[in-house]
Amino acid sequence: MIKENFQISRSLAQMIVDSAKEVIGKDINFIHLDGTVIASSDQDPIGTFHSAALQVQEKGSVVEVLGNETLKGERKGINYPVIIDQKILGVIGISGDPKECKSLGFLLIPKC
């Protein structure tokens, strides 16, 4: 059982995105529940706000960014909730065409 206030550390999040980048070859972001990018395979987004992550929390499911939205802080891609013990602990975003990235998401976010 996860503690109520559990958060994934920046160092663990960075290890996750670095490993994911090696496997799928796309830029990866790990976004905290407040919408702040805490780790990325591209250093530029770290510390910036990612509004699609808040949408992932609201929906509790995947959010695609097609590139024509006016969402702050996003590039085209797909965003997955990181869920453990039925709690969303963060969001992982994969940059690129959502249709292409959708087939890669299962490598990062297992269906439990």
Side-chain angles (χ1 to χ4, degrees):
M1 192 76 152
I2 291 184
K3 290 182 181 178
E4 210 41 49
N5 60 354
F6 178 80
Q7 292 183 0
I8 293 177
S9 70
R10 291 178 189 272
S11 60
L12 176 58
Q14 191 62 52
M15 287 191 312
I16 291 168
V17 298
D18 290 342
S19 297
K21 168 89 176 188
E22 285 186 39
V23 172
I24 67 172
K26 300 281 186 189
D27 278 327
I28 309 292
N29 293 327
F30 196 103
I31 305 119
H32 193 268
L33 295 177
D34 67 0
T36 303
V37 178
I38 62 167
S40 181
S41 57
D42 171 8
Q43 298 301 299
D44 289 341
I46 295 176
T48 64
F49 180 73
H50 194 285
S51 60
L54 298 181
Q55 291 182 0
V56 170
Q57 285 185 75
E58 289 173 14
K59 290 176 59 177
S61 62
V62 174
V63 170
E64 294 181 11
V65 177
L66 303 175
N68 53 0
E69 293 90 353
T70 57
L71 297 174
K72 182 177 168 114
E74 287 81 38
R75 293 189 287 174
K76 189 186 287 190
I78 192 163
N79 300 278
Y80 293 89
V82 177
I83 301 172
I84 299 176
D85 288 341
Q86 288 113 23
K87 284 192 64 161
I88 298 177
L89 299 180
V91 175
I92 288 183
I94 305 172
S95 297
D97 181 346
K99 290 178 185 166
E100 181 183 331
C101 295
K102 192 179 290 187
S103 65
L104 302 170
F106 77 94
L107 294 170
L108 301 179
I109 310 296
K111 299 272 186 197
C112 296

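Predicted model only: the values in this text are computed from it and were never measured. By convention here, the first residue in the shown sequence is residue 1.
Minimum interatomic distance between Ile78 and Pro98 (heavy atoms only, all atoms of both residues): CD1-O, 4.4 Å. Annotation for Ile83 and Gly60: closest pair CD1-O, 4.5 Å, computed over non-hydrogen atoms. Of all heavy-atom pairs between Cys101 and Ile94, the closest is SG-CG2, 3.6 Å. Summarising the geometry of Lys26 relative to Ser41, their closest heavy-atom pair is O-OG, 4.1 Å, with the distance given to 0.1 Å. Nearest heavy atom pair, residue Val56 against residue Tyr80, reads CG1-C, 4.1 Å. Pairing each heavy atom of Asn29 with each of Pro45, the nearest pair is OD1-CG, 3.8 Å.
Here Leu89 contributes atom CG and Ile8 contributes atom CD1; the two are 5.0 Å apart, rounded to the nearest 0.5 Å. A distance of 10.0 Å separates CG of Asn79 from NZ of Lys59, quoted to the nearest 0.5 Å. The structure places NE2 of His50 at 13.0 Å from CD1 of Ile38, a figure rounded to the nearest 0.5 Å. Atom CD1 of Ile16 sits about 9.5 Å away from atom OG of Ser11, to the nearest 0.5 Å.
Within the 3.5 Å criterion, the main-chain N or O of Leu33 finds a donor-acceptor partner in the side chain of Gln57. When atom types are taken as modelled, the side chain of Gln14 and the backbone of Ser40 share a donor-acceptor pair closer than 3.5 angstrom. The main-chain N or O of Lys99 is found under 3.5 Å from a side-chain atom of Asp97 such that the two form a donor-acceptor pair. When atom types are taken as modelled, the side chain of Asp85 and the backbone of Lys87 share no donor-acceptor pair closer than 3.5 angstrom.
Side chains of Val62 and Lys102 form no contact here, defined as non-hydrogen atoms less than 4.5 Å apart.
Atom CD of Gln43 sits in a crowded spot, with more than 12 heavy atoms from other residues, nucleotides or ligands closer than 6.0 Å.
Screening Thr48, Val91, Asp42, Val17 against Val37 for a side chain to side chain contact (heavy atoms under 4.5 Å, CB included) leaves a single residue, Thr48.
For Asp27 and Lys21, the salt-bridge test passes: some basic side-chain N is under 4.0 Å from an acidic carboxylate O.
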